[in-house]
Structures are given as C-alpha cells and as structure tokens.
Amino acid sequence: MRYYSTNRQVPDVTLAEALLQGQASDRGLFLPEHFPQLTHEDLLNLVDLSYPEIAYQILRRFTQGIFDDETVLRLCEDAYTYDIPLEHVADRQYVMRLDQGPTASFKDFAACMMARWMGQLMAHESGELVILTATSGDTGSAVAHAYLGVDRVHVVILFPIEEVSDRQRRQMTTLGGNVTTIGIEGKFDDGQAMVKQAFADPELKDIRLTSANSINIGRLLPQAVYYFYAYVRLANVKAGEEVIFSVPSGNFGDMMGGVIARQMGLPIQKFIIATNANDEVPNFLRTGQYDPVIPSRVCISNAMNVGHPSNLARLIDIYGGQMDEKGKLITQPDMDRLRKDIFAVSINDDQTRATIRSAYQQHKLILEPHGAVGWAGLQDYITKESVPSDMLCISLETAHPAKFPEEIQALVGIEPATPPSLEGLEERDEEYPVFSINYEPFRDFLRKQFASSPTASVE
Ligand SMILES: *Cc1c(COP(=O)(O)O)cnc(C)c1O
C-alpha cells in the first residue's frame, strides 16, 4: 500500500515513510492510495471480536509490508487494554465514551498506536527523532504519555497557557524524561504555526523532526477502528443496517477516522460534525466558500478551538477537490456529495452549557463540553430532519467529564468521579518554560536541545 500527498508534488511513499515524515515535503497530507474494502461477510466476522482483535483486522490492511501481522496483533493487544463504554441514552441513541484511556481523551486511541508503530520503526533506524506537536488541550498529554520512555524519540509539546485546564496542563508538564512541554503566550493556532515553521526551517535541518499532530496519518488510521467497533456492537449487522455518527470536531482528525471507515465499507448514512463557535467548516459546507476563523475563538470545548483545521485538506481530497496547506481551494470538491454525507453545525458555549444541563436532567447523562457539542449537534439534526426513533445514532464523547470538573459542578451540581489516570496530578512537580509567539527563541531552544552540533549556527 502506497500513500500520496494531497498536494501531489512528491512521489508516493510507504506507511513507514509517511509515519516518520509526518507531513509530506510539499506540505500536503498523506492519504492511502486506496481504501481496503470490508465485505458484508468481513463485517459479520467482526461481531464477536474484542476491541484489540477488531483493531488488528482493520489496521493490518494498512500495515502490510511494514509490520508483520503478529506484531500488529501484539501491539493492538498491548495498546487497547481499557473499556469503550457504549451508553444507551434514549430510543436507539447512544454515547460512545472514548475517555477510558491513559489520558482520558479519545486521542489515546491513535497516539498509543502511532507511538508503538514509530517505536518499532526507530528500532531499525539510526539517530534520534524529535516529535514536535502543538496541542489545543488533549493531544499533548496523549502524545506525551504514548511516547514516554520510547527509545531515541524526544517529544516537544507546545500548548497555549491560557486555553488549557489545570488538569490538562498537569498531564503534560509532570512527566519529565524524554518529554519537554512548552507554554505559549498565544493560541493553539500560534503554536501550530511555530511547529509548521520549524518543519520548514533550513536551520533545523540537522534535527530529524516529525509531527504527532493529526497531520500524521498514524493519528488517523487507528481512529477508524472505533467506528467499526461501535457499529458491530450495536447495529443489526446481518441486515446491513445503517448508522449515524455525531463527531465533535476541531482539527477533523476524529471525523476523518470515520470517513476512512466509511470508505472501507462501513454503512454510515450520515456524519454529524459539530464544531464550537469556530464555524469555518459548517460555513464552508453551506456556502462552498472557505474562510478560516482567525484568530480562533476561545470556547469551553477548548480542544476544538481550531480556526483552520488541517484535516480539511484530506476531506476535500476524498471528495474530489484539492486544498493547499494555507486553506486555498485549488479544486472545488463535490459539494453535493459532501452535503449528502455530512451535516455540519456550530454549537456555541451557551448551547453547550444548556446541553450539559439538559442531558443530565433528562437522561442522567454526564457530558463534558466536547461531548456536549456532539450531542447537541445530533439532537439538532434529529429534530430538523425528523429522524425516525428506530434509527441507530451514536454520538462520540471525546474526553472524560473529570477533565472539566469546574464546568460540570457549576452546571449540574455534581462532581464527576476521577478516573485513576487523572489521580494524583496535583501533587506532582510541574516544569515548563514559557515562550512568546516569536519564532526565533523557540528555534534557538530546539537547536540547543537537539542539534547534533549546536555551535554550528548559520547566523
Ligand atoms: C482533540 C479533541 C477534539 C477534536 O478532535 P479533532 O480530531 O481535532 O476534530 C474533540 N474533543 C476532545 C476532548 C479533544 O481532545
């Protein structure tokens, strides 16, 4: 299986190269040249399998030629040791809780697998790899935990100091070891821009840099798995029943996992993509014109404060269009087909809070802000389109409510129980330098830390 860049200016690469490069050198994003197909029979065969076994069945179709099947299965069994609750709410509406992993957000699903893949690859490579990642809240901790202690890999995380919760920050800054966390006096987009500038910087060319943001294909493929899992657990697979998924979205990596699952043959009738007030994608679907939100808007669903989602280029590619890394539409995608497959809606903070309250009052359903955006989007669609009550609908809850205790306490008057993964954070020592959004000091820091010959400055 080969992987091509959405900008189409570089030759196709293998999965190993795509993983280690992160972004293609023409600044496009990698996508598989075709999507392996699962037949109805294949889907039926997934029904009785455990999550790690389903992950193996999906992922081995992408890793062939890079890792042997035995290794893929072992890594799946090693990574996926936690529950994926499918909580029944009403009619045939469910919430899939992707919040039981080591850092209590859905990002654990992909970060854990990508780190294992890269660890395998680095065992056969010389030198060291530096993973640079900007985070809007949860990527940082998921990536940091996944790579902690992986040989010859360093992780550098940039986070906006004003936009992450205390718990989110402490999950990254208390690790030490091969993990360096940097606070940025700016927004997620500023951190993202600094990371992108570093990737393109000739002065850093002697440092082997790569990304663990969802521009890396390794962050997407494992996210196709839970769509299959939820489907085979809840649907009438035999009858080929269709399903609706609602996905709270920021950088659109989570949704792209679902799109990949659909391309592979999962009968997804519709995606609801629910954003917070950063409504550039709902606007794009409505008007066909794309305008990033700059600067991005600060919302309580902080991990979705994204004004120009990097994965949009992939979605547009799959729908026959082309968008460059700056968000310029080079070829318009098939808008009719996009609108048929996707219902996009923006949910503001007031609606998010009202949803957290009403979900608890009506159903005893405990949602945190991101999951509430997804749930509100689903309810909006069900009402607008008069979706019949026997339609299977699954809304994704992407973080554990205990990551946002203040908000939930204030809205519904309960303190969400803290999962073991979040316990004891307050007592650990924190360490992180703080940088402005000027690029140069950040670059000098990277050179000092990681360049093999830090004195050979070009200045
Ligand atoms: C990252 C994140 C999202 C958004 O996911 P994308 O893949 O960026 O769309 C939603 N919820 C939570 C809790 C997150 O951490």
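Computed from heavy atoms alone, side chains included, the values below leave out hydrogens, waters and symmetry copies. Everything quoted here is computed from the prediction, not taken from an experiment. Order of listing sets the numbers, starting from 1, for every ligand and every atom in it.
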Find out whether Glu87 and Glu397 are in side-chain contact, i.e. whether some heavy atom of one side chain is under 4.5 Å from a heavy atom of the other.
no

Under the criterion ring pair (Phe, Tyr, Trp, His ring centres under 6.0 Å), I'd like the reasoning laid out for Tyr290 against His308: C-alpha separation, chi angles, the key distance, then a yes or no.
CA-CA 10 Å; Tyr290 178 65; His308 171 40; 5.6 Å; yes

Does Tyr94 reach the side chain of Leu234, with side-chain heavy atoms less than 4.5 Å apart?
yes

Filter the ligand 1-protein atom pairs down to N or O on both sides and distance under 3.5 Å, then list them.
residue, atom, partner, partner atom, Å
ligand 1, 7 (O), Gly253, N, 3.0
ligand 1, 7 (O), Asp254, N, 2.8
ligand 1, 8 (O), Asn251, N, 2.7
ligand 1, 9 (O), Gly250, N, 2.7
ligand 1, 9 (O), Asn251, N, 3.2
ligand 1, 9 (O), Phe252, N, 2.8
ligand 1, 11 (N), Thr398, OG1, 2.7
ligand 1, 15 (O), Lys107, NZ, 2.5
ligand 1, 15 (O), Asp138, OD2, 2.6

Could you tell me if the ring centre of Tyr82 sits under 6.0 Å from that of Phe109?
yes

Go through it in stages, so that I can follow the logic: the residues are Lys270 and Asp341, the test is salt bridge (charged side-chain N to carboxylate O under 4.0 Å, His left out), and I'd like the CA-CA distance, side-chain angles, deciding distance and then a yes or no.
CA-CA 5 Å; Lys270 199 95 180 177; Asp341 293 348; over 6 Å; no

Enter the distance from Ile131:CD1 to Met114:CE here, rounded to the nearest 0.5 Å.
6.5 Å

